[in-house]
Structures are given as C-alpha cells and as structure tokens.
Amino acid sequence: MTDSLFEGLTSAQRDAVSHVDGPILVLAGPGSGKTRVVTHRIAYMLRSGVYSSQIVALTFTNKAAQEMRSRVERLAPESTVWVSTFHRFCARLLRAYSNLVGLEPNYTIYDTSDSLQILKRALQTEEISMTHATPEKVAKAISWAKNNMVLPERYEANSANAISSIVQDVYPEYQRQLRAANAVDFDDMLMLVAQMLQENPELRAALDERFRYILVDEYQDTNLVQYLLVRSLSQQHPNLGVTGDPDQSIYGWRGANLNNILDYEKDFDQVKVVRLEQNFRSTPNILSVADHLIGHNKRRKKKSLFTDHPTGKPVRFLSYVTSHEEAQAIATRIATYVAQGKRQPRDFAIFYRVNALSRAYEEALRQQGIPYMIVSGVEFYHRKEIKDVLGYAMLVNNPRDDVAFTRVVNTPTRGIGKTTILKLQVHALDHGISMLDAAREAGMIDSLNKRAAVAVAKFVAIFDRISLKINQPVEEILGAILSETGLRAQYEDSDDEEDVSRLENIDELLSSAREFDFQHPEDGTLEQYLEDKALVNETDEFDTALDRVTLMTLHAAKGLEFPHVFMVAIEEGLLPHERSKDSDAQLEEERRLMFVGITRAQEELELSTANQRDFRGRRMMTVPSKFLFELPREEMDFQAALGRYAPTSQEWEDVHDIPPDDFSQIGESGNISDDSPSNSPSSHTRMLITAADMVKGPSSSAPKLNPDQFHQSMAVIHPNYGLGKIIAMSGEGAKRTATVQFVTGDQKKFVLAYSELRSASSS
DNA sequence: CCCAGTGTCTTTTTT
DNA sequence: AGACACTGGG
C-alpha cells in the first residue's frame, strides 16, 4: 500500500505509521520525525476505518497539542480527532462527572500561587508551626503525593523526613479547603480523574470504550497518575500508542517517572516497539557531541543516532573571561552573520539553564540592534492587574472561591483590611459557609465594627451588580468589572508609567475576551473562558513567524530546532544546577537537559562558559561544567574567545580534578561596578588561581585574625566545617559577618569576632 | 487601616 | 537584581 501517507518515510517510520491495533512504543530520538509519524499514523487509522471520536491524542503542552492538531487537520481535514493536553482532557471529564469527586461543574482551577494561598490558610487552621519548612516546600511535597496517587487520608509521614509529618497533618485540611472552595489545583485535575476511574468501574469501562485509541506524546514525561489514567482507559482496548525518548526526560522534578517508558514493554502484552534513530535535523558533528554526552548516563535505552546530512562545521567551545564578554561576542557574531546575509535573526537561539541569566544576552542584543524575543518571563495571566480582574470573574463564576474573594475584596482598596478579612474568614469557617456568604452577613458579625461592615456591604453590592452579567459575553462581564469596581478608573487616573502599561495589559485582556466570544458564539460561557485562561501559558504563544533571535531556557527548548544554537553558561552550579547534585538521578537529568539543548541545533552549535559571571547581582568565579569533559574534544573546535587566553584541555582537567566534590561558584570579587575592568591582563589566570587557593592544604597553625583581616573570596578554614571560601561579607566592626561556602557544600554565616574561622593560606 | 522603608530569600524547570 | 514579607510610623 504505497500512497501519500507513506511517501518519503523510512522503513521504521512506515512500520510505526501502519500499526493500528494493539500497544505500540515508538522510541524516537531527537529530530527523527516523531510528530510526523504520529500524525500520519492517526491519518492511517482513520483511513483504516477507525472513527475520529474513538481517538484521543494527549500531549503535555498546549504548544504541542496545537502543532499536532493542525498537522492532523492537514492530513485529514474532515476529521475531528480530539487532540488535547492531559490537563484539558481531565478538565473536561471533571466537568462532566464532577459530582463523583465532590465538585460542582463550575469548579475553579487554581494556579500555583492560588493553591499556595489555600495551603497557607490550611497551615494556619491546623496551627502547624513552620520552623524548619516553608509553605513552598510543603506544597511541593503535597504535589509529589498527588502525582503519585497518594490520597490525603492515605498519606503517611516518613520519620526520616521532617516535611512529611507536616504534610500528613496539613494535606487533608488543604484538600478539604480546596473542596470547600469548589476548587482544584493542577495536580488534582489528574488525580481526581484517576481516582474517579478507579472508584467507578462502569464509568471506566464506558470511557475505555469511548476512547479506544489513545496516543500519548512525550511519554517519558508522564508521572504515575498520568500512567494510571491512560492505563485504565486501555483495558478492553489496549490500543495505547506512546511516543517518547528516555534521553529527553527532563521533568523528573515534577513527578515524571522514567520507569513508565523504560518498563512499557512489561506493562502490556505484545508491545510493538519501533525505534526511530535516523535524525533529519542535525549534522553528524552535532550528533556525535550529543551522543558522547548522553553515553555517560546509565539509566537509558541505548539508541544509535545517525544521519545522512553532510558533516558540517565542528561544534565550537568558547571560554570567555567574563559573562559580559560572552554576551557581547554572541551578539556580535549574530550581527555579523545577519549583516553578511548568511542568516536571519530567527535562525539563532540562545539557551540557558535559568531565566535569571537572560538579561546579559538581552542587553547585548539590544545594543547591537538585533531583534529578539524571550520565551517565558512573567506570564501574562499571572500579572497582578490581570489576576485582579480575573479574580472578580472567578468569584462570579464560583462564589465559593475564597481565594478569589480574598484577592478582590479590597482591590482597589476600599477600607477592608487584614483584620476584617480574617474575621470574615473565621466566621465563614465557623459556620461552614463561603467567605462571600460571610460577607453577606457582615452586619451580623459581632466582632466587626460598623465601619468595616459598611465597607464589606458595599463590596457585596458591587459584586452583585457584576454577577447579573454572568450570562453575557465575556468581554461585557470583564468590562462591567472594570467599571463597577473602579479598577479602570484607578489606572486611568494615575500617570505612573507602570500603571500605563497595566492599562495596556488590561486592554489586551479585553481583546482576548472579545476573541473568545467570537470563537464561541454559542458555548462561550464564563466558565469555559476561565478554564482556558487557567490552562494556558505565555510560552504557548511563542511565535515562530517573527524574525527574531530566540532566548529561552533549556526546558522551553524541547521540541524546537534552530540552525544556529548558542548554549551559554555551561558551568558547575548552573548546568548541572547546584540543586541537582544530591543524586545520580538528578545529575543524569541535568545531562539529558544538556542533551536536549545540543540536539536542537541543525547546523551550528556553540557552547560557552565565562570564567567570571555576573549573576543575581553578584560576581562569581566559575568552574566549567563537568559535562564539558564528557564531550569528544578531539572532534570539536576549542577556542579562546577574542584572542584571549583559554585553558588547554590539560589545564582544565587539572582544575577539575582539584576540588573535593563539586565546588561550584567559588568566591566572589565584590559587588559589580558598572564598568568592569575585564581587560586587565591578569584576569585570565583567575580561575587557576582560585583553584590553586583551594588546594593549599588546611594550615592548622594559622593565627586567629581580626575581623578586618578577612576579605571577600578569601580561602578559610573552620574546625567543624573544614575548608571554605568567603563568598560574601556584611556588617561593620564587631558585627562584621562573613558568608562562607564550604567544600562540603554547606554554606554558613559567621560573626567574625566570635567565630573559629582562620585563614587557610599558609602565608 | 495604610504606606513606606527595611530585611530576607530566591526559581530550575510548568500544567 | 528583584520580589516579597515584615515592621513601625502616620
């Protein structure tokens, strides 16, 4: 059967495309045409007589869903295959069967910050003292539990973990308050659906029947709940088709379980396995670098990547003296290429490990007048002014939403302070009603003074007026909110520059609402609109049509490709990230992250480090990432940047062998001055000196020093903690303190006058 | 109750 | 550096 669906496909790809019934695992290396295979397979299934309505394709991001949807539509224009993210899929099931898990259909979806509010409240109601934990950490632990299908009542504290006992106490209360507010957090959406399927076998069977063919993209990123979900819908009809690449699993930190893909063949009988190893994206040089790196991971399924592309240029590695120079050099190179007509701005991407690094590159590009776009940053829907407006809308849609109530009751300020809100909350809790209902009874709450009660009553009146509009088009509802509450007037009256941009954002929100109304002439409910907003993210609107250099994190880069890629700041502490050093599993994930970055490049790839990096308002000395030593250096182009010194590979090994363990970001040379004298002739030897400082053994005979004899980036020794380096100092005289980074990884602060800190150098 | 000023801590990544 | 929580004066 040769036809257009199979045209131009490799035999492995055809093999996968022509598989209709039964489980299939497609192990797809980077750039191996995975999306093409999936979409062609769907088209093939349709052609083989499967109904559109029996197929559902699940992805993680909206971006991926959109991409897949449009490609399916192109291949099979008449089809109505449901392509959705996991969360949207679950959102819809939850609406339909909300009663099974104690929700109303108009439930609210809380984002991370909303959930955190509820959690804080729950911690208060349970009167849990937070001596050794932060709400964020507890939230993370709860999220972990939910991702692993541990229901509140089933959670058991682990004596080895201090957080877990807090979680045991607060998790049920947190969950109770979410339900009371008729709200769910992101994790709930998945967990509740999985729970629903577990507890209602007949529903499970019906949905299994309905969704006979399930396709899961990026299967290596699924967590336990997602696994349970798709598994339970693939019992009578085990037509589960999963695609993924264990080497590109980079979401372990949010519960993704690599075992799901590694053990897939054990989970189902007669699994068809197809490996897509031919790469259509990159040059052999780039692939070789990727391959060498990932070869250092132990937990993986071996794949051999190959391509028939021409060799291409060697991958470059550049070592710069300062982060400033690194940024300058990159911007200059881009500008040159563009000026020469070799490339367009859109051909370039700059990848970094953390968002906070973007600034330097941004500035350099701006100076060169090169257009660029940053993917990520503060998300539109998370901005204060937007959340305020939507807060009212959320409360209208779900009057039990206490978080929304708390957010808007005094926005803009109308004399309802903390104490008043607290009293309303207590009253609500005591009577088992929502805070809005408590507000309606404000006049009868004894503890409230008259003035507060009047202010609250006023708020309720405003709210009720807005509520009348609930069935109007969304744009009208939002418009009513803006005028009734005085929010618009507040921003209009101000000539603060920030308020002007806020107003612009609000106008953008209104136009998005208009767009929504237009798209949904019949079913455009406020409920739908809010769900939409809760589940999108600005990265989804990443626009490839614009001719701009792309700046983004390595995580955001997954699934994309660019002709010329720069990966910057490949330094210990950043990549691998310092928080990923505890376990081998985390380290392997960092390595995969670098692998993902490398394999985004089509033609040219440049890796770089800077010996000295400005980061978070500090200037740090850096150590090159250990990953750089895992690359095939003989195949690469190792260069000194701008003719300056770059260490030879031998010197690098020396540096790297020195520190016991990972000694990242040693030292700091004071605060940043505007014009750094990075041209000083000696600056190139800094890294080596730093390292050498560290090897000098502890000199036990060092005399006790006066506080003023300590200085930044000095090597010190402490009787209990051992060798370390001063990374920051503050205070004056007797209160003079030093923050010391020890080789053990600990960081401690000492008041110098009282500490046992000595100089570590023998001089 | 509100505001401004200070101190602390961070975010690695996202639905 | 910047966001955020907390403090104390108005």
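Since the model is a prediction, treat every value here as computed from it, not as a measurement. Letters A, B, ... are given to chains in the order of the sequence lines, protein chains preceding strands, and every chain is numbered from 1.
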Closest to side chain of A:Lys120, choosing from B:dT13, C:dA5, B:dT11
C:dA5
Looking at A:Phe211 versus A:Phe89, is the centre-to-centre ring distance below 6.0 Å?
yes
Rounded to the nearest angstrom, tell me the gap between atom CZ in A:Arg613 and atom P in C:dA1.
17 Å
Given atom CZ of A:Arg579 and atom P of B:dC9, what is their separation to the nearest angstrom?
13 Å
d(CE, A:Met620; C1', B:dT10) in whole Å:
12 Å
Of A:Asn410 and A:Gln586, the one whose closest DNA chain B nucleotide lies more 5':
A:Asn410
Rounded to whole angstrom units, what separation is found between the CZ atom of A:Arg616 and the C1' atom of B:dT11?
7 Å
Of all the nucleotides listed (C:dA5, B:dT14, B:dT13), which has the minimum atom distance to the side chain of A:Asn355?
B:dT13
Please report the distance, rounded to the nearest Å, between CZ in A:Phe351 and P in B:dT13.
16 Å
Base, sugar-phosphate, or nothing: which does A:Tyr251 touch, judged by heavy atoms less than 4.0 Å apart?
sugar-phosphate
For A:His577, which contact category applies under a 4.0 Å heavy-atom criterion: base, sugar-phosphate, or nothing?
sugar-phosphate
Do A:Phe405 and A:Phe459 make the cut of ring centroids closer than 6.0 angstrom?
yes
Report which part of the nucleic acid A:Asn449 touches: base, sugar-phosphate, or nothing (heavy-atom distance under 4.0 Å, all strands).
nothing
Please classify the nucleic acid contact of A:Thr420 as base, sugar-phosphate, or nothing, using heavy-atom distances under 4.0 Å.
sugar-phosphate
Indicate, with a heavy-atom threshold strictly under 4.0 Å, whether A:Arg88 touches base, sugar-phosphate, or nothing.
nothing
Give the nucleotide from the list C:dA5, C:dG2, B:dT13 with an atom nearest to the side chain of A:Arg359.
C:dG2
Value in whole Å for how far the P atom of B:dT13 lies from CD of A:Gln220
20 Å
Is it true that the side chains of A:Gln175 and A:Lys146 contain a donor and an acceptor less than 3.5 Å apart?
yes
Can you confirm whether or not the ring centre of A:His87 sits under 6.0 Å from the ring centre of A:Phe60?
no
How many Å lie between CG on A:Leu116 and P on B:dT14, as a whole number?
18 Å
Between B:dC2, C:dA1, B:dT13, which one does the side chain of A:Thr413 approach most closely?
B:dC2
Checking A:Met567 against A:Leu554 for the side chain to side chain contact (heavy atoms under 4.5 Å, CB included) test, could you report, in this order, the C-alpha distance in whole Å, the side-chain angles of both residues, the deciding distance, and whether it holds?
CA-CA 9 Å; A:Met567 271 181 71; A:Leu554 286 164; 3.9 Å; yes
CZ of A:Phe186 versus C1' of B:dT13: gap in Å, rounded?
15 Å
